[in-house]
Amino acid sequence: MPELPEAETIVEGLRGPVVGRSFSLVQVLREDLLNTSADNFSQALSGGSIAKIFRRGKNVVLRIEIESGSRPNALLLVVNLGMSGRLLHQAHADRSNPPSHPGVLFYLDDRSLLVYHDVRRFGRLTLMTPTFYRTWSRAMGPEPLSPSFTEWDLIRTLTRSRSPIRSWLLDQKRVAGVGNIYANEALWRAGIHPKRPAQKVTPEEGRRLHRSLRKVLRAAIAARGTTLRDYRTAEGWEGGYASELSVYSRQGSPCKQCGNTIEKLSFGGRSAFFCPTCQPPPRESARDTSAFR
DNA sequence: CGTGCCCCCTGTCAGC
DNA sequence: TGCTGACAGGGGGCAC
């Protein structure tokens with residue numbers, strides 16, 4: 001659900017309200033969301049202050065500094081929102097409208113409240129030491145919006161995999177932050193069929209995919225993300241990108257480019273959406289490859 | 001090792 | 001109206 005643009009929107013919404021604040025009380029209602037016990041979690045964070053907030057892939061990351069003796073000790077709180085996670089900030093706890101599925105309540109020193117809310121509980125809140133965080137982050141692919149992520153980086157790594165390009169894009173070890181919505185949207189813009197094997201994507205298509213990915217992600221951030229159902233910004237608002245989607249969940253509707261009907265298929269356990277005209281299916285190549293054996 | 005499948009969990013919606 | 005099954009933005013584990 002929340003992919004890169006949604007996590008980015010949440011980070012932008014939280015930065016002003018929470019950076020510089022400290023935790024007066026951390027209350028865990030759903031221990032299964034954590035990588036440690038509820039007691040450890042709240043004890044480790046209580047009294048700590050939020051030094052910064054940023055995004056890595058689809059994760060919202062808070063850097064927490066804890067005074068212990070002379071030198072401040074740091075921890076990173078990595079929030080993966082799974083399919084239905086929300087991070088909501090309330091200036092004053094709204095007792096008339098309590099969250100339906102609260103998981104963790106972070107009471108801040110200005111009497112405001114940060115709530116982690118998650119209906120399906122696929123989300124995870126992971127506390128990491130700075131060393132562990134570095135290792136974890138290094139195992140993840142590059143940030144697609146980083147200036148250092150070049151089209152050549154994308155083209156070069158594509159050639160190493162036989163996975164369908166849509167599945168390839170979903171793998172966080174390849175590129176960080178892309179989920180099913182934006183993978184499908186970017187492939188449509190680039191004119192590449194979702195089932196095309198990654199290594200068969202030509203350099204010219206790779207160039208288009210690089211540009212499409214960045215364009216789609218930036219446009220979605222500008223619209224504050226895509227709300228299909230659960231996603232909300234930190235303020236509790238819906239994102240506005242759903243109305244700008246070109247293929248995702250638009251099966252049966254006309255392609256915005258050519259007017260033909262958008263189709264849906266399923267592989268790798270999830271749906272793919274594409275225009276059969278703008279994104280011609282890969283040629284069956286089983287016979288071709290066997291000819292070279 | 002890379003890849004694909006199943007599962008985690010709850011809510012919603014289509015079809016009967 | 002109510003039941004059942006399919007499906008939903010993610011990702012970890014496991015078998016091949």
Student: Hey, which sits more toward the 5' end of DNA chain C by its nearest nucleotide, A:Q172 or A:G269?
Tutor: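 Closer to the 5' end of DNA chain C: A:G269.
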Student: Under 4.0 angstrom, heavy atoms only, what part of the nucleic acid is A:Y248 near: base, sugar-phosphate, or nothing?
Tutor: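 If one applies the 4.0 Å heavy-atom cut-off, A:Y248 turns out to touch the sugar-phosphate alone, with no base involved.
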Student: If pairing requires Watson-Crick or G-U wobble contacts with both distances under 3.5 Å, which nucleotide is the partner of B:dC9?
Tutor: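 Across all strands, not a single nucleotide pairs with B:dC9.
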Student: When you compare B:dC1 with C:dG11, how far apart are their P atoms, in angstrom units rounded to a whole number?
Tutor: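 To the nearest whole Å, 22 Å.
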Student: Between A:R55 and A:E8, is there a salt bridge with N-O shorter than 4.0 Å?
Tutor: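 A:R55 and A:E8: salt-bridged.
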Student: Nearest-Å distance, NZ (A:K173) to C1' (B:dT3)?
Tutor: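 It is 10 Å, rounded to the nearest whole Å.
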Student: Please report the distance, rounded to the nearest Å, between CZ in A:R160 and C1' in B:dC1.
Tutor: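 My rounded result for the distance is 13 Å.
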Student: On the nucleotide C:dG11, are OP1 or OP2 found under 4.0 Å from the side-chain N or O atoms that A:N80 carries?
Tutor: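 Yes.
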Student: Counting the atoms with a prime plus P, OP1 and OP2 as sugar-phosphate, which does A:S167 contact under 4.0 Å by heavy atoms, base, sugar-phosphate, or nothing?
Tutor: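 No contact.
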Student: Looking at every strand, decide which applies to A:R124 at a 4.0 Å heavy-atom threshold: base, sugar-phosphate, or nothing.
Tutor: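 Result for A:R124 = nothing.
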Student: Ring-on-base stacking between A:F122 and C:dG10, under 5.5 Å between centres and under 30° between planes: is it there?
Tutor: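 Stacked: centres under 5.5 Å apart, planes under 30°.
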Student: Between C1' on C:dG11 and CG on A:L4, what's the gap in Å once rounded to a whole number?
Tutor: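 Nearest whole value for this atom pair: 16 Å.
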Student: Round to a whole Å and report the spacing from CZ of A:R229 to C1' of B:dT10.
Tutor: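 Interatomic distance, CZ of A:R229 to C1' of B:dT10: 10 Å.
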Student: NA contact type, A:S271, heavy-atom cut-off 4.0 Å: base, sugar-phosphate, or nothing?
Tutor: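 The answer is sugar-phosphate, as A:S271 gets under 4.0 Å only of primed atoms, P, OP1 or OP2.
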Student: Is A:G179 touching bases, backbone alone, or none of the nucleic acid, heavy atoms closer than 4.0 Å?
Tutor: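 Contact class for A:G179: sugar-phosphate only.
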Student: Write down the distance separating the P atoms in C:dC3 and B:dC9, rounded off to the nearest Å.
Tutor: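 Rounded to whole Å, the distance is 23 Å.
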Student: Round to a whole Å and report the spacing from CG of A:D171 to C1' of B:dT3.
Tutor: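 These atoms are roughly 10 Å apart.
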Student: Within the pair A:R174 and B:dT3, is there a side-chain N or O less than 4.0 Å away from OP1 or OP2?
Tutor: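 For B:dT3, OP1/OP2 do have a side-chain N/O of A:R174 under 4.0 Å.
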Student: Classify A:T227 by what it touches in the nucleic acid, base, sugar-phosphate, or nothing, heavy-atom distance under 4.0 Å.
Tutor: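 If one applies the 4.0 Å heavy-atom cut-off, A:T227 turns out to touch a base.
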Student: Is any side-chain nitrogen or oxygen of A:R270 closer than 4.0 Å to OP1 or OP2 of C:dA8?
Tutor: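 Indeed not, no polar side-chain atom of A:R270 lies that close.
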Student: What integer distance in Å separates A:D118:CG from B:dC9:C1'?
Tutor: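 About 9 Å, once rounded to whole Å.
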Student: If I take atom CZ in residue A:R120 and atom C1' in nucleotide C:dG11, what distance separates them, rounded to the nearest angstrom?
Tutor: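 Distance check: A:R120 CZ to C:dG11 C1' gives 12 Å.
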Student: Hey, is the side chain of A:S84 poking within less than 4.0 Å of OP1 or OP2 on B:dC9, counting only N and O atoms?
Tutor: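 For B:dC9, neither OP1 nor OP2 has a side-chain N or O of A:S84 closer than 4.0 Å.
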Student: Check every atom of B:dG4, B:dT10, C:dG10 against the side chain of A:M83 and return the nucleotide holding the closest atom.
Tutor: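 Closest nucleotide among those given: C:dG10.
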Student: Look at the side-chain N and O atoms of A:H101 and state whether any lies under 4.0 Å from the OP1 or OP2 oxygen of B:dC9.
Tutor: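 No, A:H101 has no side-chain N/O under 4.0 Å of OP1/OP2 on B:dC9.
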Student: Is it true that A:R121 and A:D118 have a side-chain N and a carboxylate O under 4.0 angstrom from each other?
Tutor: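 No, A:R121 and A:D118 are not salt-bridged.
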Student: Rounding to a whole Å, what distance do you find between A:W168:CH2 and C:dG11:C1'?
Tutor: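 After rounding, the reported distance stands at 18 Å.
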Student: Would you call the rings of A:H117 and A:H101 parallel, tilted or perpendicular, where under 30° means parallel and over 60° means perpendicular?
Tutor: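 Ring orientation of A:H117 relative to A:H101: perpendicular.
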Student: Determine, for A:E6 against A:R224, whether the closest basic-nitrogen to carboxylate-oxygen distance falls under 4.0 angstrom.
Tutor: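 Looking at A:E6 and A:R224, the cut-off is not met.
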Student: Can you tell me how the ring of A:Y241 sits relative to the ring of A:Y182, calling it parallel under 30°, perpendicular over 60° and tilted otherwise?
Tutor: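 Geometry flag for A:Y182 against A:Y241: tilted rings.
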Student: May I ask you to check if A:R63 and A:F54 form a cation-pi contact, with NZ or CZ under 6.0 angstrom from the six-membered ring centre and within 45° of the axis?
Tutor: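 Checked: cation-pi criterion not met.
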Student: Could you check whether A:K264 gets within reach of a base, just the sugar-phosphate, or nothing at all, counting any heavy atom under 4.0 Å?
Tutor: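 Sugar-phosphate contact only - A:K264 comes under 4.0 Å of backbone atoms but never of a base.
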